[in-house]
Enquirer: 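Handing you this structure, nothing more for now.
Note that ligands are numbered from 1 as they come in the structure, with each ligand's atoms numbered from 1 the same way.
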Amino acid sequence: MSIEENIRQVRRNIAAAAESVGRDPGEILLVGASKMNDAAACRAAIDAGIDALGENRVQEMRAKLAEGAYTGAPLHFIGHLQRNKVKQVVGTVDLIQSVGSTELLEEVDKCAGKMGLVQDILLEVNIGEEEAKSGFAPQALYAAAEAARSLAHIRVRGLMTIPPVETEPHGSVPYFEKVRALYVDINRDLYDNSFVYLSMGMSSDYEDAIRAGATMVRVGSAIFGARDYGRA
Ligand SMILES: *Cc1c(COP(=O)(O)O)cnc(C)c1O
């Protein structure tokens, strides 16, 4: 299957999932998670109408940027971001999806301030409260969202999550529903319902995420094929 055919199939699945719960498929953005796929693959996805591309690693993103991989589509940063790499991402990407600590919030704000811009971000929530994962703990999220409001060079557009790896079918659903509830509360109480992005769902569970309210899904292998970790 080609990237183009894969995207067409994912779009069909998105539409079916949205319609099954009475939602408009047009309100769901498809982000191609393009890590470990080359510039040509990124361009093929853009030609096939992907809504945005998301990268995980700063170095890989910078290299592919230099090759013109993302021309014609918004670029998101979706991976774990180290503080010392913030300046290579702020102002370069349209959305940093993975801001998951107070330190990172402050660093992004500081860096955006120096560049004289406002950086769009999502707050990442570690909904499974996993030790090894980044993101705000659910009970810390409200305070973080409140603190972020006072940072002049950041604009919070919503929430992002990566739930624990599930082996049972539909195992992610309870996590998605919890994040959706946090999104609704924080959006209403702190952000005048100005949020636009609830980013959740990957190749194995994006339809469940949409049924639970996602407005943005990040799909990698179902579009680009299995990643070849042996090559890296
Ligand atoms: C790789 C990745 C995805 C996509 O994963 P697939 O299972 O290949 O769809 C989504 N989100 C993030 C943050 C990722 O790193």
Side-chain angles (χ1 to χ4, degrees), residues 1-3 5-14 17 28-38 41-42 44-46 48 50-62 64 69-70 73-82 85 89 93-101 104 120-128 130 132-136 157-173 175-176 179 183 197-212 214-232:
M1 289 281 270
S2 69
I3 288 171
E5 286 166 324
N6 289 341
I7 289 176
R8 215 179 299 137
Q9 184 59 51
V10 169
R11 292 273 192 204
R12 276 196 290 270
N13 296 342
I14 287 174
I28 293 147
L29 291 180
L30 175 59
V31 179
S34 46
K35 58 175 174 273
M36 303 184 71
N37 286 281
D38 62 15
C42 292
I46 293 169
I50 200 97
D51 294 311
L53 289 170
E55 287 292 347
N56 284 70
R57 290 180 180 279
V58 175
Q59 203 181 343
E60 179 181 343
M61 182 186 83
R62 302 291 325 185
K64 283 151 74 176
Y70 314 114
L75 175 59
H76 296 180
F77 193 79
I78 64 176
H80 178 67
L81 182 56
Q82 290 163 279
K85 301 213 170 130
V89 174
V93 304
D94 298 279
L95 182 70
I96 305 176
Q97 293 205 14
S98 41
V99 179
S101 72
L104 199 56
D120 278 356
I121 67 156
L122 304 182
L123 298 174
E124 180 176 357
V125 50
N126 181 3
I127 197 63
E130 296 170 278
K133 240 176 219 161
S134 40
F136 292 100
R157 312 306 320 270
L159 303 181
M160 180 270 223
T161 199
I162 308 170
V165 174
E166 286 296 326
T167 46
E168 293 294 310
H170 310 296
S172 303
V173 170
Y175 296 106
F176 290 151
V179 177
Y183 179 90
Y197 301 136
L198 176 54
S199 174
M200 54 187 197
M202 319 203 299
S203 292
S204 60
D205 55 14
Y206 65 91
E207 291 152 289
D208 281 337
I210 288 164
R211 284 187 287 263
T215 66
M216 180 180 273
V217 294
R218 309 174 309 268
V219 179
S221 48
I223 290 174
F224 297 105
R227 285 178 291 274
D228 181 4
Y229 286 97
R231 211 181 43 179

Enquirer: We want to know whether Ser172 and Asp208 form a side-chain donor-acceptor pair, criterion being a heavy-atom distance below 3.5 angstrom.
Expert: no
Enquirer: Can Arg62 and Gln59 be counted as having a side-chain donor-acceptor contact under 3.5 angstrom?
Expert: no
Enquirer: Measure the distances from the heavy atoms of Arg227 to every atom of ligand 1 and state whether one is below 4.0 angstrom.
Expert: yes
Enquirer: State the atoms of ligand 1, each with its element, that fall below the 4.0 Å cut-off from a heavy-atom position in Lys35.
Expert: 1 (C), 2 (C), 3 (C), 14 (C), 15 (O)
Enquirer: Identify, for atom 11 (N) of ligand 1, the protein heavy atom at the shortest distance, and state residue, atom and that distance.
Expert: Arg218 NE, 2.9 Å
Enquirer: Just let me know how Ile78 lines up against ligand 1, side chain, backbone, both or neither, with a heavy-atom cut-off below 4.0 Å.
Expert: both
Enquirer: With only distance considered, is Ser221 within less than 3.5 Å of ligand 1 through an N or O on each side?
Expert: yes
Enquirer: Assess the residue pair Glu130 and Lys133 against the criterion (salt bridge (charged side-chain N to carboxylate O under 4.0 Å, His left out)); give the C-alpha distance rounded to whole Å, side-chain angles, the decisive distance to 0.1 Å, and a yes or no.
Expert: CA-CA 5 Å; Glu130 296 170 278; Lys133 240 176 219 161; 2.8 Å; yes
Enquirer: If you count heavy atoms of other groups shown closer than 6.0 angstrom to CZ of Arg211, is the number above 12?
Expert: yes
Enquirer: What are the two closest heavy atoms between Glu55 and Cys42, and how far apart are they?
Expert: OE2-SG, 4.2 Å
Enquirer: For Ser203, take its heavy atoms, then give the atoms of ligand 1 lying under 4.0 Å from any of them.
Expert: 6 (P), 7 (O), 8 (O), 9 (O)
Enquirer: Which atoms of ligand 1 sit under 4.0 Å from any heavy atom of Val219?
Expert: 9 (O)
Enquirer: Can you find a heavy atom in the side chain of Asp120 that is under 4.5 Å from one in the side chain of Asp94?
Expert: no
Enquirer: Can you report which non-hydrogen protein atom sits closest to atom 10 (C) of ligand 1, along with the distance?
Expert: Met202 SD, 3.1 Å
Enquirer: State the atoms of ligand 1, each with its element, that fall below the 4.0 Å cut-off from a heavy-atom position in Ile162.
Expert: 13 (C)
Enquirer: For a 4.5 angstrom cut-off between non-hydrogen side-chain atoms, does Thr215 reach Leu29?
Expert: no
